[in-house]
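See below for the structure under consideration.
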Number of protein chains: 2
Amino acid sequence: MPTRVALSAEQITALQEYEACTAPAAPDARVERLVTELIERVADKWTMLLIEVLTEKGELRFTRLRECVPSISYKMLTQTLRSMEREGLVARTVHPVIPPKVEYRLTLLGLSLSAAFCGVWMWAEKHIAEVEQARTTFDRARDCGTVPE
Amino acid sequence: MPTRVALSAEQITALQEYEACTAPAAPDARVERLVTELIERVADKWTMLLIEVLTEKGELRFTRLRECVPSISYKMLTQTLRSMEREGLVARTVHPVIPPKVEYRLTLLGLSLSAAFCGVWMWAEKHIAEVEQARTTFDRARDCGTVPE
DNA sequence: TTCAATATGCACCTAAAGGAGAGTGAGAAT
DNA sequence: ATTCTCACTCTCCTTTAGGTGCATATTGAA
């Protein structure tokens with residue numbers, strides 16, 4: 001049972017209400033392109049990692065977020081958050097105090113993407129051993145020259 | 001009803017048998033890292049696009065594959081296929097004829113990833129209008145200086 | 001005989017991603 | 001008076017992604 005990105009009961013309820021009112025787009029060629037382009041923007045590692053921690057921890061401020069994803073640099077954190085805000089995935093709340101305080105949380109749209117990503121995380125967790133097996137098999141075959149380099 | 005990556009009945013049957021025999025890994029910190037790294041490798045746009053057409057069309061040879069994904073260059077096609085083969089997602093069959101004939105198809109592992117990606121494609125199809133709305137709202141706010149650039 | 005077809009490999013180049021580190025501004029703590 | 005905090009921004013630099021174009025071996029078709 002994966003602990004990653006498992007949604008809470010409240011999250012699921014909110015999501016169900018939300019999904020009920022959203023309509024899919026008509027499937028033509030222009031939409032195809034938009035969908036592909038959207039996938040390209042959204043399926044990157046920083047976005048996936050940030051969505052994961054925001055799903056898990058709820059609202060977080062900039063520095064806390066950074067602590068939860070230690071491998072990200074300030075630059076990429078800012079950049080990714082800004083992009084996610086633009087796509088409507090996160091909401092940014094500025095508290096006008098000194099020192100500054102800015103909080104980030106997922107919107108419902110962001111939460112719905114989190115639910116979609118859940119399947120991919122679970123896939124990775126479940127199949128990692130097979131992938132490692134495949135890698136060693138492939139590398140061994142390559143060392144024997146059975147396979148292109 | 002999205003036409004993208006909808007699995008066929010046979011695909012679903014094969015997948016169910018397969019998933020029943022695969023075990024998830026134990027959830028510790030080392031596994032966390034491996035999972036994240038795996039996600040990083042697998043969640044890139046070329047891999048997603050190739051998995052999509054291979055799910056849809058079944059077995060394809062190199063040039064056909066290229067025709068189905070016109071935006072990819074030969075270099076990236078080769079590179080991505082090789083990487084997918086190493087991860088165990090596709091099987092590569094060489095027919096020793098002249099001119100050469102090489103066919104690619106998804107393994108069961110690849111098909112299971114395809115099923116996991118399905119949710120993300122459907123999310124994108126369903127929510128694209130909201131994302132576009134969010135973008136224009138954000139850009140307008142930025143033009144008014146309400147939001148950082 | 002010359003040509004086309006196939007699945008790459010290789011070399012060179014540009015563009016984009018990403019990292020490191022310094023700077024900022026105002027108030028609260030020392 | 002000085003220092004510390006936060007949420008950035010800016011600049012400079014390195015690394016990686018990705019594109020373009022050429023080379024190849026072989027054989028059946030023109």
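Chain naming here is simple, since letters A, B, ... match the order of the sequence lines and numbering starts at 1 in each.
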Ionic contact status for B:E87 with A:R135, cut-off 4.0 Å:
yes
Rounded interatomic separation in angstrom, taking OH from B:Y104 and C1' from C:dA7
7 Å
Where each residue is assigned the nucleotide of DNA chain C containing its nearest heavy atom, which of A:K45 and B:Y74 is assigned the position nearer the 5′ end?
B:Y74
Walking DNA chain C from its 5' end, the first of A:Q79 and A:P99 to be reached, judged by nearest nucleotide, is A:Q79
Over how many whole Å does the gap from B:R92 atom CZ to C:dT6 atom P extend?
16 Å
Rounded to whole Å, the CG-P distance (A:L77 to D:dC6) equals 14 Å
Closest-nucleotide ordering on DNA chain D, the 5'-leading residue of B:S73 and A:T63
A:T63
How many Å lie between NZ on B:K101 and C1' on D:dT26, as a whole number?
17 Å
Please tell me which of the listed nucleotides, D:dA7, C:dT8, D:dT26, lies nearest to the side chain of B:T78?
C:dT8
Between B:L81 (CG) and C:dG9 (P), how many Å, whole number?
11 Å
Whole angstrom is fine here: how far is it from CZ in B:R82 over to P in C:dA7?
12 Å
If you compare every side-chain N and O of A:R61 against the phosphate oxygens of D:dC6 (OP1, OP2), does one of them come in below 4.0 Å?
no
Find the distance B:R64:CZ to C:dA5:P and express it as a whole number of Å.
11 Å
Against A:L50, only a single residue in A:V69, A:L106, A:V90 fulfils side-chain contact (heavy atoms from CB on, under 4.5 Å); can you say which?
A:V69
What is the distance, to the nearest angstrom, from the NZ atom on A:K75 to the P atom on C:dA17?
10 Å
Counting distance only, does the side-chain N/O of B:R105 pair as donor-acceptor with the main-chain N or O of B:L54 below 3.5 Å?
no
